[in-house]
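Here's the structure, in structure tokens; my notes come after.
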Amino acid sequence: MRVTTSFPLGTLRDTPSEAEIISHKLLLKGGYIRRINSGIYAYMPIMLRVIEKISNIIEKELNNTNCSKLLLPQLHPAELWKKSERWEGYTAGEGIMFNLKDRQGKEFGLAPTHEEVITSIASEIINSYKQLPLCFYQIQTKFRDEIRPRFGLMRSREFIMKDAYSFHSSKKDLSSFYEKMEKAYENIFKNCGLNTVGVDADSGAIGGAASKEFMVTADSGEDSILFTESGSYAANIEKAVSLASKEIPLKKFHDEWIETPNQKSIFDICQNNNLDASQIVKVVIFIAKFEDKSEIPILACIRGDQNINEVKLFNLINKKYNSNLIHLKIVEDNSIINNNTTNFPLGFIGPDINDETIKINSNWEKSWLRIVDYSASSLSIFVSGGNKANFHKVFQTFSFIKEKFLISDIRNAKKGDLINIESNEELKEKRGIEIGHIFQLGQKYSEKLNAKFSDKDGQLKNLWMGCYGIGVTRIAQAAIEQNHDENGISWPIQISPFEILIIPTNLKDPIQKKLTEEIYKEFKSNKIDVLLDDRDDRAGVKFKDADLIGIPFQIIIGRDSINNEVEFFSRSRKSKIKIASKNLLDKFISESKVMYNKNS
RNA sequence: CGGGGCGUGGCGCAGCUUGGUAGCGCGGGUGCUUUGGGAGCACUAGGUCGCAGGUUCGAAUCCUGUCGCCCCGACCA
């Protein structure tokens, strides 16, 4: 390709002010993407080449894993999503599905994911266990109405994703295929030249049993990963389980009541009463809203120095009430408290506050769902709210509390925690960018959508399913986050828009021009992805652009053309060598081979 | 959703406090010179100052409304 005739670069002198993180800045400055609206981007020709390289790597690996590629519609009828009981959750409230009505008034959603569509197709084409296992995948644009789009392609409202869905006759077959996919994913990311780490993850709104996320580690990542140095454990913070640090034992208080005027926070109470946060049980109030519009008030109790993990709490409640929980929200607004409760001194609530505090005319269920984290339930003596304004109380363990409560893990693991009793290994923390996620869905969707097959025993059974996603555009940006320097991007060669860039410094010189054309032709005829910067610009301009767009190798044609010599520059190593033009192709082949093999 | 910030040529910004009819750098075009790390000089094109009302003789500037974008937060010390 020639820059002047077929491949305009569109690099910018200044970075648009909207960008915050380096990869986003470089994508904009390098002319890879252009913002059309919040979270909506155009992929320019140079970007599309990156996307296609990534797609090809994915395609090759999945085809080797016996997956078949197809293309599904993006406009989904509401009825399909109502069958899986996801329509409400995905459209109402903070739902992320764009939705619309056609001229007949029929409702549609713009696909954020494709379980419904693929499952309904599978139910039609799969009749017998003999056809299984099967796995379909596609690479296409997904739409998600994110609460807050940000960081360019990292969290955009329109993005390219590879999604795959597998179908099985047994749980066992699903989990063995899941393992194959895990392996395929590792290969894909390695073949993209990325360093990734696989972590245990929450399966979130998609639902299902086992689930693993693949993370590119980067400081700008939106997720927290907890892991052990030895690699024995790695999990997303949403999912991570650990042992809370030991509490500082509370000395016996002679008084049951502690006067705590205006001391509503853990910090205030500790400061004023010579207590440690680990000696206090804090009670956080949530309201759980269900699909059938019912609302259950929650008292979540946890040791004062620990934090509640809302994802764990959500999943726990969801499971208890058969998956109809839409929304879980902290209640801290006084007006909500006043409208629904009576005699409820916010800031001084204890785990034993009685059910009569909920007003008769409130929408809320008339008893508190009390959930106690292990960190709190294991305390033999602790301080908590006295259920009386300006008073806290000393409790002698939860077993003395007459109200019913549920004990579970609703705590955020944190760095420094031990992973379990037997091990001395401490958790460390890093930020990560989620670029892939695999799930064992089980039979959740096949049940709801009535997707059955005839098994060996002649019985109709629900299909077992897995689903597997990769953020294609997110990989591109994550790769930059991992591979850049002060001058710009430095692509891994596997996903670079071109393998090599030819920079003639002065095309008015007929000798340089002739040599440039010869080299360009030679590379092209050897099927090498080569870009020729044939612009009539000063050398400095081309060098700056070259470093910015980050193609891994540059050939600089200049003064030494007269001796048939050029320079060969490695972007990542920043090393420049002089070389005879006849040896150039061999040099490139051997150098690029090293680079291709380094990560794959 | 809550809080903060910002909307002025393609990009980055100034001007707004104290109203007088829009400016700088980069980028674009033309010409000459230059030519190995974002060249110099000269000329030049390009903006209903986000939008709508209002105040005023006069509004980018003041007032009201509205739309959009960006950032932070959404149990916490």
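Quick caveat, the model's predicted, so the values are computed rather than measured. Chain identifiers are assigned alphabetically (A, B, ...) following the order of the sequence lines, protein sequences preceding nucleic acid strands; residue numbering begins at 1 within each chain.
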Task: B:rG9 versus B:rG5 - spacing of their C1' atoms, nearest Å - done: 23 Å
Side chains of residues 410-419 of chain A: which donor-acceptor pairs under 3.5 Å do they make with residues two or more places apart or in other chains?
residue	atom	partner	partner atom	Å
A:R411	NH1	A:Q306	OE1	2.9
A:R411	NH1	A:D417	OD2	3.1
A:R411	NH2	A:S242	O	2.8
A:R411	NH2	A:S242	OG	2.9
A:N412	OD1	A:N309	ND2	3.0
A:K414	NZ	A:D305	O	3.0
A:D417	OD2	A:S242	OG	2.8
A:D417	OD2	A:K414	N	3.0

Open item on the list: Distance check, C1' atoms only: B:rG23 and B:rG40, in whole angstrom units.
Closed with: 23 Å
Open item on the list: Just to verify, what does A:E20 make a salt bridge (charged side-chain N to carboxylate O under 4.0 Å, His left out) with, not counting sequence neighbours?
Closed with: none
Task: Given B:rC71, B:rC69, B:rG37, the nucleotide with the shortest approach to the side chain of A:E20 - done: B:rC71
Open item on the list: Of the options B:rG68, B:rC71, B:rA74, whose atoms approach the side-chain atoms of A:F151 most closely?
Closed with: B:rC71
- [ ] Quick one, give me the B/S/- string for nucleotides 25-33 of chain B, reading 5' to 3', where B means a protein heavy atom under 4.0 Å from the base and S means that only happens at the primed atoms, P, OP1 or OP2.
- [x] BSS------
Task: Residue A:K508, side-chain heavy atoms: nucleotide from B:rU35, B:rC75, B:rG36 that is nearest - done: B:rU35
Open item on the list: Could you work out, with salt bridge (charged side-chain N to carboxylate O under 4.0 Å, His left out) as the rule, every residue matching A:D547, not counting sequence neighbours?
Closed with: none
- [ ] Quickly work out the A:K289 NZ to B:rC1 C1' distance and round it to whole Å.
- [x] 12 Å
- [ ] With a 3.5 angstrom cut-off on both distances, give the Watson-Crick or G-U wobble partner of B:rG28, or none if there isn't one.
- [x] B:rU44
Open item on the list: Which nucleotide, if any, forms a Watson-Crick or G-U wobble pair with B:rC69, using both distances under 3.5 Å?
Closed with: B:rG5
- [ ] Provide the distance between the two C1' atoms, one in B:rG12 and one in B:rC6, to the nearest whole Å.
- [x] 14 Å
- [ ] Provide the distance between the two C1' atoms, one in B:rU8 and one in B:rA60, to the nearest whole Å.
- [x] 7 Å
- [ ] Quick one: list whatever passes salt bridge (charged side-chain N to carboxylate O under 4.0 Å, His left out) with A:K544, sequence neighbours left out.
- [x] none
Open item on the list: From C-beta outward on A:R150, which listed nucleotide comes closest to its side chain: B:rG36, B:rG68, B:rC72?
Closed with: B:rC72
TODO: Mark yes or no for a side-chain to base donor-acceptor pair under 3.5 Å between A:D547 and B:rG37, with no hydrogen or angle criteria applied.
DONE: yes
Open item on the list: Can a side-chain donor-acceptor contact be found between A:D534 and A:T4 if the only test is distance below 3.5 angstrom?
Closed with: yes
- [ ] With P as the reference atom in both, quote the distance from B:rC51 to B:rA77 in angstrom, rounded to an integer.
- [x] 44 Å
- [ ] State, without any angle test, whether A:Q512 and A:S561 hold a side-chain donor-acceptor pair at a distance under 3.5 Å.
- [x] no
Open item on the list: On the nucleotide B:rG68, are OP1 or OP2 found under 4.0 Å from the side-chain N or O atoms that A:S38 carries?
Closed with: no
Open item on the list: Going by the rule ring-ring contact (aromatic ring centres under 6.0 Å, His included), which residues pair with A:F227 if we only count those two or more places apart in sequence or in a different chain?
Closed with: none
Task: Side-chain N or O of A:N506 closer than 4.0 Å to phosphate OP1/OP2 of B:rG36 - done: no
Task: A:R148, nearest nucleotide to its side chain (from B:rC71, B:rA77, B:rC69) - done: B:rC71
- [ ] If B:rU17 has a Watson-Crick or G-U wobble mate with both distances under 3.5 Å, name it; if not, just say none.
- [x] none
Open item on the list: Quick one, A:V566 and A:I519 - any side-chain contact, counting heavy atoms below 4.5 Å?
Closed with: yes
Open item on the list: Let's see if you get this right: which residues in residues 535-542 of chain A place a heavy atom under 4.0 Å from RNA chain B?
Closed with: A:R538, A:A539, A:G540, A:V541
Task: For A:F290, all residues meeting ring-ring contact (aromatic ring centres under 6.0 Å, His included), sequence neighbours excluded - done: A:Y321
Task: Closest nucleotide among B:rA74, B:rC75, B:rA77 to the A:K282 side chain - done: B:rC75
- [ ] Please determine if a side-chain N or O atom of A:S17 lies less than 4.0 Å away from the OP1 or OP2 oxygen of B:rG12.
- [x] yes
Open item on the list: If the test is ring pair (Phe, Tyr, Trp, His ring centres under 6.0 Å), which one of A:W491, A:F568, A:F569 qualifies with A:F553?
Closed with: A:F568
TODO: List for me each residue that meets salt bridge (charged side-chain N to carboxylate O under 4.0 Å, His left out) alongside A:K29, sequence neighbours excluded, and say none if there are none.
DONE: none
- [ ] Take atom C1' in B:rG29 and the same atom in B:rG2, then report the distance between them in whole Å.
- [x] 49 Å
Task: Nearest-Å distance once atom C1' is located in both B:rU61 and B:rC49 - done: 10 Å
Task: Whole-Å P distance, B:rA42 and B:rC24 - done: 13 Å
